[in-house]
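These notes concern the structure reproduced below.
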Amino acid sequence: PGADNTNDIASPLWMARGMTMAATARLAIAGVAAMCLMPATHSFTTGPAGLCLSPSAAGRGALCGRSVMAPPPVGASLIGAGTGAAVGRVGRIGGLRMAADEGAADAGKGKSVLIFAWFHAEPKQLELVRRIYKKKGFTDVVVQESPVHQISTPRGWYQTFISCIKDGKPSKEGGGEEIRRRFDVVHCMSGGFLQLYLLLAAKMPIEFDRLVMDSTPILPQPKAFVRFARAYMNDNGMTVVPKLLPLRLHNGYQTARWSIGATYVRLKHKGFIKKQLKGLDPEKFEATNEWTRWAARNSARNNYDIIVDDAINTVFNRKGLHTTFLYNKDDKYIDTNEIKEIMAKCESFGGRADEVLTKTGHIETIFRKPKLLFDAIGDV
């Protein structure tokens, strides 16, 4: 009694925080879903005002006493207003327990990990991810945010690529820790895979031979984001939208949005390339000019298969790479057939690929079943 056990991963308070963060992380997918329905918006709040758990409250473990995946009340809709993502109902965590042995800290020397977070991840969620890794013996933990407006459209790809070349980081506004080095593990969560692809395509010197693909890949193509949006709506009482909006039409709408954005990038690049790339040496200038024109041209022409192939080759075609795909085979936010195909390609590249199946929801394993994750990378 009276002891401070807030840092003990097996304590009831820690377990409560883990479960709360799992729930609030799940809410963040609302923003990506909304992107596939509303034009030119980068951040979202979903669900009727006053009903949801606020982002700040989520970090403190405040609860609304309802289930996160239960349908929202009648009248709930996607609303593009404000930042963050919250939806409908937020679950109670009383009674949920994480096994003590799942949280026990591993002994041994320190290890390094670079984590590419999911879209709309909140600072307190990312801090909990950092603490979980540190409890498991990783003393060098770097968490890289994945801003949805930079990662999820051809216009964002262009901006991210240019920033990496000119500023040595994904965003010229952001600070953050140095990522141009070797890591023992790289962990991609959901949309974080696209962040890794763009950085490697921009020749950022990130070295690794152990990769975790957590509820991903979400590939650089419109239909991947449409799949994500429709899964979210079906899970949250908005089934009327997928029913009224046929999949073919939804894909066409999203593809048209991306093509228009890519055409804008092509025009902007032609008109302002010298200003955009001012100060680069000739070799970097030519490499940057070539990739940005290639990506914008193929996006504008709807040649996403070419971009997908490049993403797979860029990330997975690495000598000695061992990749673990951690996912729920019933996860409707991703295409599990694509995972099987990529695993086969990993083997053809000369690497090693294995899968770890989970029963948890999208990106929730690290919060709800961390032992599953850390057992899978126990060879590090």
Side-chain angles (χ1 to χ4, degrees), residues 105-106 108-152 156-214 216-217 276-281 283-285 287-288 291-292 311 314-324 363 366 373-374 377 379-380:
D106 285 345
K109 63 182 181 179
K111 296 166 284 190
S112 60
V113 59
L114 172 59
I115 303 162
F116 289 98
W118 62 99
F119 294 142
H120 293 298
E122 298 170 8
K124 289 190 176 182
Q125 296 169 345
L126 299 182
E127 181 57 28
L128 181 58
V129 171
R130 186 191 304 271
R131 290 175 65 186
I132 291 172
Y133 259 102
K134 286 189 173 181
K135 288 287 185 179
K136 300 300 288 184
F138 286 78
T139 57
D140 181 7
V141 182
V142 177
V143 181
Q144 184 73 29
E145 294 185 24
S146 299
V148 65
H149 64 283
Q150 291 180 215
I151 309 300
S152 60
W157 303 344
Y158 178 82
Q159 295 164 0
T160 300
F161 194 96
I162 295 293
S163 181
C164 287
I165 294 294
K166 293 184 65 177
D167 306 310
K169 52 190 176 183
S171 173
K172 63 182 179 180
E173 291 86 10
E177 300 172 80
E178 180 59 68
I179 61 175
R180 296 174 294 180
R181 55 190 175 93
R182 168 168 284 278
F183 291 89
D184 293 316
V185 180
V186 170
H187 184 170
C188 296
M189 304 181 73
S190 192
F193 167 77
L194 293 174
Q195 174 87 312
L196 176 61
Y197 164 52
L198 289 174
L199 300 189
L200 294 178
K203 308 303 181 185
M204 291 280 282
I206 303 171
E207 298 294 332
F208 56 94
D209 48 34
R210 196 68 172 84
L211 177 63
V212 176
M213 300 291 287
D214 185 350
T216 198
Q276 285 273 37
L277 306 182
K278 183 179 179 181
L280 290 183
D281 62 64
E283 185 178 350
K284 281 188 175 181
F285 180 96
T288 304
W291 191 91
T292 50
T314 299
V315 174
F316 299 104
N317 192 358
R318 308 170 71 84
K319 184 178 179 181
L321 180 64
H322 178 187
T323 306
T324 295
I363 66 157
I366 193 169
L373 166 63
F374 290 102
I377 58 174
D379 56 309
V380 176

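Side-chain polar atoms of Arg210 and Thr324 form a donor-acceptor pair below 3.5 angstrom.
Between Leu114 and Gln144, the shortest heavy-atom contact is CD1-CB, 4.3 Å. Nearest heavy atom pair, residue Ala121 against residue Leu126, reads CB-CD2, 3.6 Å.
Distance alone, capped at 3.5 Å, is enough to place a donor-acceptor pair between the Ser146 side chain and the Ala117 backbone. Looking only at distances, no side-chain donor or acceptor of Trp157 sits under 3.5 Å from a matching main-chain atom of Gln150. The backbone N or O of Ser112 sits less than 3.5 Å from a side-chain atom of Asp184, completing a donor-acceptor pair.
Considering only heavy atoms from C-beta on, His120 comes within 4.5 Å of Val148 through its side chain. Between Arg318 and Glu207 there is a side-chain heavy-atom pair separated by less than 4.5 Å. Here the side chains of His322 and Asp379 are in contact, with some heavy-atom distance below 4.5 Å. Between Leu321 and Phe208 there is a side-chain heavy-atom pair separated by less than 4.5 Å. Using a 4.5 Å cut-off on side-chain heavy atoms (C-beta onward), Met213 and Thr216 make contact. Residues Val142 and Glu178 are not in side-chain contact: their nearest non-hydrogen atoms beyond the backbone lie 4.5 Å or more apart. Tyr133 places a side-chain heavy atom less than 4.5 Å from the side chain of Ile366.
Partners of Arg181 according to the salt bridge (charged side-chain N to carboxylate O under 4.0 Å, His left out) rule, which considers only residues two or more places apart in sequence or in another chain, are Asp140.
Salt bridge Glu127/Lys124: absent, no basic N to carboxylate O contact under 4.0 Å.
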(request) Show the numbers, then the answer: is there a side-chain contact (heavy atoms from CB on, under 4.5 Å) between Ile162 and Gln159? (result) CA-CA 5 Å; Ile162 295 293; Gln159 295 164 0; 6.0 Å; no

(request) Decide side-chain contact (heavy atoms from CB on, under 4.5 Å) for Leu211 and Val315; before the verdict, give the C-alpha distance in whole Å, the side-chain angles of both, and the deciding distance to 0.1 Å. (result) CA-CA 10 Å; Leu211 177 63; Val315 174; 3.9 Å; yes

(request) Begin with the C-alpha distance, continue with both residues' side-chain angles, and end with the deciding distance and a verdict on side-chain contact (heavy atoms from CB on, under 4.5 Å) for Trp291 and Ile165. (result) CA-CA 11 Å; Trp291 191 91; Ile165 294 294; over 6 Å; no

(request) Check the pair Phe138 / Phe374 against side-chain contact (heavy atoms from CB on, under 4.5 Å), numbers first and verdict last. (result) CA-CA 11 Å; Phe138 286 78; Phe374 290 102; 4.1 Å; yes

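To the nearest 0.5 Å, atom OG1 of residue Thr160 and atom CD1 of residue Ile151 are 4.5 Å apart.
Of the options Leu373, Ile115, Val113, a side chain to side chain contact (heavy atoms under 4.5 Å, CB included) to Val212 is made by Leu373 and by none of the others.
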Do any side-chain atoms of residues 191-206 form donor-acceptor pairs under 3.5 angstrom with protein atoms, and if so which ones, sequence neighbours left out?
unit_1, atom_1, unit_2, atom_2, d
Gln195, NE2, Glu145, O, 2.8
Tyr197, OH, Asp310, OD2, 2.6

